[in-house]
Amino acid sequence: MQTIFQRAKISEPALFSPADTTKRIDDFPKICVSTFSDNIIQKFMSLDKAVKIAELMTANGLLPVYKINYKNTEIAFYRSMVGAPACVSCFEEIVAMGAGKFVLFGSCGVLDDEKVKSNIIIPVAAVRDEGTSYHYIAPSPEIEADVHSIQTLETVLTDCGCSYVKGKTWTSDAIYRETLSAIQERRAEGCIAVEMECASMLAAARYRGIPFIQFLYGADNLSSDTWEIRDLSLYGLSDAEKYMYLAFECGLAM
């Protein structure tokens with residue numbers, strides 16, 4: 001039996017597409033920003049200039065989609081669902097609504113505390129230790145981020161006075177199976193972070209031809225034999241404005 005992990009070619013076409021389940025919305029903002037923190041989304045949706053424009057319908061409930069005017073440009077934003085399949089499904093439907101550029105940010109586990117410190121992380125490549133990406137591009141151990149997107153993110157962070165580090169991330173499907181041996185192996189391969197969506201989002205965005213930028217910020221620390229939760233429980237709320245406005249700036253710069 002040959003599974004998607006062994007197939008050298010992605011078969012076409014799919015039985016149905018995002019456009020079959022999601023209606024296109026007139027005047028939907030071309031730029032869309034998303035994060036996984038409900039705290040951050042709640043903070044920005046409560047602003048006077050934020051307006052609800054759509055909903056993503058899931059079995060887990062409705063996910064509101066908002067828009068906000070930033071520097072005379074309308075930008076859509078919503079909360080992504082955690083995990084590669086759910087995150088990519090939401091992305092697919094947002095593109096079907098009309099988005100043409102996409103910025104994603106979120107927390108990650110730190111695999112190299114000395115390199116990351118308090119820097120924002122720019123993923124230059126992702127180890128494909130998940131399943132979703134294999135449905136969008138042929139099998140390979142890693143997927144590289146788009147060079148232009150990396151350069152754009154670097155420029156934005158520099159202009160905004162934010163320190164950053166570039167490195168490889170490990171995209172895993174199983175948060176509770178990040179074993180010591182696997183962590184050591186990924187560190188030896190050059191990974192400085194671990195998360196659950198980057199590889200799949202890089203693959204889906206490439207497949208759909210959508211310009212895509214993702215940045216990460218360190219939360220819990222996995223770079224020693226003892227796990228440190230640090231500010232994981234805050235889900236980015238302490239720096240909500242900084243991260244969201246950086247994402248807005250990335251959208252304008254794309």
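Just so we're clear, the structure is a prediction, and the values are computed from it rather than from any experiment. Counting from 1, the numbers follow the sequence of the chain as shown.
- With sequence neighbours left out, K67 forms a side-chain hydrogen bond (donor to acceptor under 3.5 Å, both in side chains) with E74.
- Residues satisfying the side-chain hydrogen bond (donor to acceptor under 3.5 Å, both in side chains) test with D129, not counting sequence neighbours, are W170, R186.
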Show me the side-chain donor-acceptor pairs of residues 192-205 shorter than 3.5 Å, one per line, residues at least two apart or across chains.
{"unit_1": "E195", "atom_1": "OE1", "unit_2": "E197", "atom_2": "N", "d": "2.7"}
{"unit_1": "E195", "atom_1": "OE1", "unit_2": "C198", "atom_2": "N", "d": "2.7"}
{"unit_1": "E195", "atom_1": "OE2", "unit_2": "T169", "atom_2": "OG1", "d": "2.9"}
{"unit_1": "E195", "atom_1": "OE2", "unit_2": "T171", "atom_2": "OG1", "d": "2.7"}
{"unit_1": "E197", "atom_1": "OE2", "unit_2": "G83", "atom_2": "N", "d": "2.8"}
{"unit_1": "S200", "atom_1": "OG", "unit_2": "E197", "atom_2": "O", "d": "2.7"}

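- Through direct or indirect side-chain contacts shorter than 4.5 Å among Ile, Leu, Val, Met, Phe, Trp and Tyr, I10 is connected to no other residue.
- In terms of the side-chain hydrogen bond (donor to acceptor under 3.5 Å, both in side chains) criterion, S118 has no residue partners (sequence neighbours excluded).
- In this structure, V147 shares a hydrophobic cluster with no other residue, the cluster being traced through Ile, Leu, Val, Met, Phe, Trp and Tyr side chains under 4.5 angstrom apart.
- Listed by first then second residue, pairs satisfying salt bridge (charged side-chain N to carboxylate O under 4.0 Å, His left out) with a partner in residues 3-12 number zero, not counting sequence neighbours.
- Applying the side-chain hydrogen bond (donor to acceptor under 3.5 Å, both in side chains) rule to D173 yields no partners; only residues at least two apart in sequence or on another chain are considered.
- Residue pairs meeting the side chain to side chain donor-acceptor pair (under 3.5 Å) criterion with at least one partner in residues 81-98, sequence neighbours excluded, are E92-Y136, E92-R208.
- Counting only residues at least two apart or in different chains, salt bridge (charged side-chain N to carboxylate O under 4.0 Å, His left out) contacts with residues 102-112 are absent.
- One finds no salt bridge joining E189 and K168 here, because no Lys/Arg side-chain nitrogen approaches an Asp/Glu carboxylate oxygen to under 4.0 Å.
- Applying the salt bridge (charged side-chain N to carboxylate O under 4.0 Å, His left out) rule to pairs touching residues 24-35 yields nothing, sequence neighbours excluded.
- Each ring pair (Phe, Tyr, Trp, His ring centres under 6.0 Å) pair with one or both residues in residues 54-99, not counting sequence neighbours, appears once here: Y66-F77, Y70-Y245, Y70-F248, F91-F102.
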